[in-house]
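First the structure, in the form of structure tokens, and then the observations on it.
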Amino acid sequence: MRELKNLAKRLLEEGTVKVVIGYEEGPVGVRPVFVTRPADAEKLVFNSRCVQNLAAYLSRRRGHIARLGKSAIVVKGCDARAVAGLIRESQLKREDVVVIGMRCGGVALRPSDEGPLTPETVADRCSGCESREPKLADHLLGELPPAPPKATRMFELMAQIERMPVAERFRFWAEQFERCMRCNACREVCPMCFCERCIQDKSQPQWIETSPHARGNLSWHFTHAMHLAGRCSSCDECQRACPAGLPLGLLNRKMAEIVRNRFEYQVSDDSTVPSPIGAFKQQDPQEFIK
Amino acid sequence: MTFSISDSGLNALVDEVIASGTTVIAPALVKLSAGERREYQKIGSAQKMALTGAIVSNSLKPFIMPPSVPLFRYTRAKAAVSLEPATGKAQAAVVIGAQACDIAALEIVDRVMDWDYHDEVWFERRKATTVISLACTQADASCFCTAVGSGPDHPRGSDIQLLRKKGGYLARALTESGKAFCSKYGSHFEKAGDDADRDPLIKETREKVETNLKIDLGAIRSFLTRNFEHELWNDFGLRCHGCGACAFACPTCHCFDIVDEPEGITHGVRRRNWDTCQTAKFTVHASGHNPRKDQNSRIRQRVMHKFQIYPERFGDVLCTGCGRCVRVCAGGMNLLEILKVLDKSAEAKS
Ligand code: SF4
Ligand code: SF4
Ligand code: SF4
Ligand code: SF4
Ligand code: SF4
């Protein structure tokens, strides 16, 4: 952690960056912090409660962060996938951000979860994580901690849903969507939802009804999942932010699985590999075109 | 008028109310893949009630002002448009076991809904609902009801207030409708309970919340009136995503959007949906100009509305200290912290 504080301090003192986007201990759990003065680099922490994917703050929609000037950002391996996504999709130039990669031993479900990680408290995405050492990093800090414990609940639930007959599966999702109030927190916290004007906000014509009723909710969640297919960084921030507790991670994981099987593509922190939605390949499966 | 009611008496009462066809809304346990939580829900049996546990995750707002309400249906025939009401009459409902912060909110929002016009959608459900609160014994680090004029055992907004005691509850009938309810279901109540029997945990909870936050609301209000352009607003909203989860979870936020939804070429529905000042879209003009250009200015609006604009008009604040905005925030925004900063700045200025 000394390493992190010293580096942030140096970057700010040298004027390499104007702000370091990192984590601090907040009143209830770890939270994002925006360090602009070298002395405040002391606030920075990195531990298993650094749950948030800070890449969302790099998106163009965050004008109030961009105004602070060039930024450095603290990322875990999974977060680096989102930073790479922004670069891949021309939202950010690689040279416009200094990436501080942290070797990672996994994080908890919530930023206020104290204590060692257990299969109950560890975040779902950490199970079997292969990116605990971000490659997209200008500075790579820390020693590689042991691998996090495995949480199985998400996989079990996915398998359970896959076994359901279609009608039952539809009922499962209809019941989940029924809880949705359409606050759009799932969209706003998402680093990859960077459109200046979301299709959901278009009213002439209105593609997606904004009302939280069965029709509106189905079209929103369907569209959201489709628009994130092959782009989602699997940070689960949408699920964590949802005040109604919708299991949005399930949808995103399923989409990721389909994209992996159909297009042999997995979202990584290598921004030079184009995503299926941004590239055409002759051998892309197209048996549905008849 | 104070009665007492045993645990089994309360269960029998609830089941009788349900059997009579009245909707009963109470905290119940829900299992989600995100974990277990207590939520106000329409319950089908007293067995479903979960009167203690962590702070209830939703507020009562959805039951009085649903996230989406159809206002009327329209049909067009050539140049003529005909309208018909979209909803029937509000069903009689009883809320049982509500927290002080949630029922206080109902009275606070009443004032807005009866200010420049009388909001029928709100008052129709409001009047059909009898509110039985339960003095709170489960405050956490985000609660600050005592700092905004309420408290775990504050009766504001209750028709009947329950206070835990050994083996049951003290029941204080506080309004005419509360008294009428107690006499209608009189067989379940025993006469006068002794106030000294109340669970000491109620007092301890109050003391705990009091240590969470102490502020001078009057000083904050006058500071806000004079400091719309203060530099502290420049970075209040940095970590805020503008996601609106805080406003949707909040029992006192009440903004809405009106939409027309065609259901065919000639007919459709006008609906009223929840909305929030935390999103960019809330204030964007047709020209594309947005007077609240970033998240800092939107957070300022939220704080101003709750602690300056509403108080200016109605006296107290548009916040019951329930702490939900803190609990749901993915960005780690914390209203207690913001209020502390404002309180300190107000003190320094005076
Ligand atoms: S997914 Fe991997 S990189 Fe991300 S927090 Fe978990 S272990 Fe760390
Ligand atoms: S965050 Fe949850 S409640 Fe809000 S729109 Fe998304 S799914 Fe619906
Ligand atoms: S859709 Fe959800 S999991 Fe995927 S990048 Fe967005 S916030 Fe993260
Ligand atoms: S304060 Fe938190 S919950 Fe509210 S809009 Fe901002 S990020 Fe969302
Ligand atoms: S502003 Fe926050 S603490 Fe106040 S009533 Fe709303 S959700 Fe509760």
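Chain letters run A, B, ... following the sequence lines, proteins first and then strands; every chain starts at 1.
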Least distance between heavy atoms, [X] atom then [Y] atom:
X	Y	value
B:H241	A:A56	CE1-CB, 4.0 Å
A:I65	B:L238	CD1-O, 3.3 Å
B:K281	A:T210	NZ-CG2, 4.3 Å

Quick check for you: among [options], which has the greatest number of heavy-atom pairs under 4.5 Å with chain A?
options	answer
B:R272, B:Q295, B:M333, B:Q278	B:Q295
B:A249, B:G244, B:G242	B:G242
B:K293, B:R327, B:E39, B:R324	B:E39

* **Pairs touching residues 65-76 of chain B that satisfy side chain to side chain donor-acceptor pair (under 3.5 Å), sequence neighbours left out** => B:S68-B:R271, B:S68-B:N273, B:R73-B:E263
* Atom group of B:V284 that falls short of 4.5 Å from chain A, counting heavy atoms -> neither
* To do: Please determine which of B:D294, B:D235, B:N234 meets the side-chain contact (heavy atoms from CB on, under 4.5 Å) test together with A:H64.
  => B:D294
* Verify, without hydrogens or angle tests, whether A:R31 (side chain) and B:G331 (backbone) share a donor-acceptor contact under 3.5 angstrom. => no
* Asked: Tell me, side chain or backbone of A:R197 under 4.5 Å from chain B's heavy atoms, or both, or neither?
  -> neither
* **Side-chain donor-acceptor contact under 3.5 Å, A:S211 with B:E261** => yes
